[in-house]
Amino acid sequence: MLPLASRDNPNSIAVTEPCWLAADHHSDAPDSPLIDWLTDQGSLTQRLTAAGDGEFAVELLRQCEAPARADEAAALGVPTGSPLWIREVMLWSAGQPRVFARSAATTASVSAAGLDLQRLGTRSLGELLFSHPEIQRGPLEISRYPADWLPIGRQEQGCWARRSLFRRSGLQLLVCEVFLGAWQQLVSTPLSSH
Ligand SMILES: C=C(O[C@@H]1C=C(C(=O)O)C=C[C@H]1O)C(=O)O
């Protein structure tokens with residue numbers, strides 16, 4: 001079923017469920033620069049830091065146990081509704097929230113990881129993951145992201161998101177990053193005008 005264009009912005013496509021596929025399997029995949037960021041295997045933290053001329057911060061929105069959504073459950077190989085360790089953050093760059101991120105893992109996986117994820121706080125999860133070369137990142141999938149899965153006040157229609165699984169013995173961590181409208185301003189206007 002084709003997603004519906006949202007009322008407030010006919011160019012953005014409202015979805016109620018994600019459709020996670022490799023970028024080249026989406027007939028309506030976005031153009032550059034967004035497609036380059038969505039498919040970049042490197043650290044988003046590092047890229048946002050550079051784009052914000054060194055000004056980057058992680059705002060921790062919540063870190064708790066929550067039921068697995070159907071797409072998360074399928075990726076992690078558990079039943080929908082299973083209790084997961086969930087971390088939701090807003091990534092700020094050059095003074096604005098640019099990317100919403102939701103990371104999910106089974107509680108057993110978090111304890112087995114031995115990475116002290118529970119006490120990460122406002123340190124970037126990416127810096128932790130990329131500092132352990134034995135942690136392998138799986139393929140990136142992209143999708144439009146349901147607006148009502150975003151934090152209240154930031155529920156923009158039609159945002160593109162990417163997700164990938166980070167794996168190490170015993171750890172399976174699903175990281176999903178949603179590029180908000182303010183991300184576009186970061187990459188399309190010179191820093192001096194932010
Ligand atoms: C995975 C990365 O870590 C970033 C930091 C996150 C966090 O602190 O929760 C979550 C998603 C990421 O965008 C990265 O930098 O690429």
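Only this structure's heavy atoms are used, side chains among them; waters, hydrogens and symmetry mates stay out. Just so you know, ligand 1 is whichever comes first in the structure, and atom 1 is the first atom listed for that ligand. Note that the structure is predicted; figures quoted are calculated from it, not measured.
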Quiz item: Hey, mind stepping through Q118 and W85 against side-chain hydrogen bond (donor to acceptor under 3.5 Å, both in side chains) and telling me if it holds?
Solution: CA-CA 9 Å; Q118 296 289 15; W85 175 83; 3.1 Å; yes

Quiz prompt | Any donor-acceptor N or O pair under 3.5 Å, side chains Q136, R167 | solution = no

Look only at interatomic distance and state if [X] has a nitrogen or oxygen under 3.5 Å from any nitrogen or oxygen of ligand 1.
{"X": "S43", "answer": "yes"}
{"X": "E127", "answer": "no"}
{"X": "E177", "answer": "yes"}

For ligand 1, which atoms have a heavy atom of [X] less than 4.0 angstrom away?
{"X": "V58", "answer": "8 (O)"}
{"X": "L44", "answer": "13 (O), 14 (C), 15 (O), 16 (O)"}
{"X": "T45", "answer": "3 (O), 4 (C), 5 (C), 14 (C), 15 (O), 16 (O)"}

Quiz prompt | Residue of the set L165, L76, L129 for which side-chain contact (heavy atoms from CB on, under 4.5 Å) holds with L173 | solution = L129

For [atom], what's the nearest protein heavy-atom neighbour? Residue, atom name and distance, please.
{"atom": "atom 9 (O) of ligand 1", "value": "R87 NE, 2.6 Å"}
{"atom": "atom 10 (C) of ligand 1", "value": "A101 CB, 3.6 Å"}
{"atom": "atom 7 (C) of ligand 1", "value": "L125 CB, 3.3 Å"}

Quiz item: Is a side-chain donor or acceptor of S164 paired with a backbone partner of P139 at a separation under 3.5 angstrom?
Solution: no

Quiz item: Does the E55 side chain pair with the main chain of G95, one donor and one acceptor, at a distance under 3.5 Å?
Solution: yes

Quiz prompt | L91, portion touching ligand 1 at heavy-atom distance under 4.0 Å | solution = side chain

Quiz prompt | R123 heavy atom under 4.0 Å from ligand 1 | solution = yes

Quiz prompt | Salt-bridge contact E177-R102 (side-chain N to carboxylate O under 4.0 Å) | solution = no

Quiz item: Does atom CD of Q63 have more than 12 heavy-atom neighbours, drawn from other residues, nucleotides or ligands, at distances under 6.0 Å?
Solution: yes

Quiz item: Please walk me through it: do H25 and W20 pass ring pair (Phe, Tyr, Trp, His ring centres under 6.0 Å)?
Solution: CA-CA 9 Å; H25 285 73; W20 297 109; over 10 Å; no

Practice problem: May I ask which of G42, G126, C176 has a heavy atom nearer to atom 1 (C) of ligand 1 than the others do? | Solution: G126

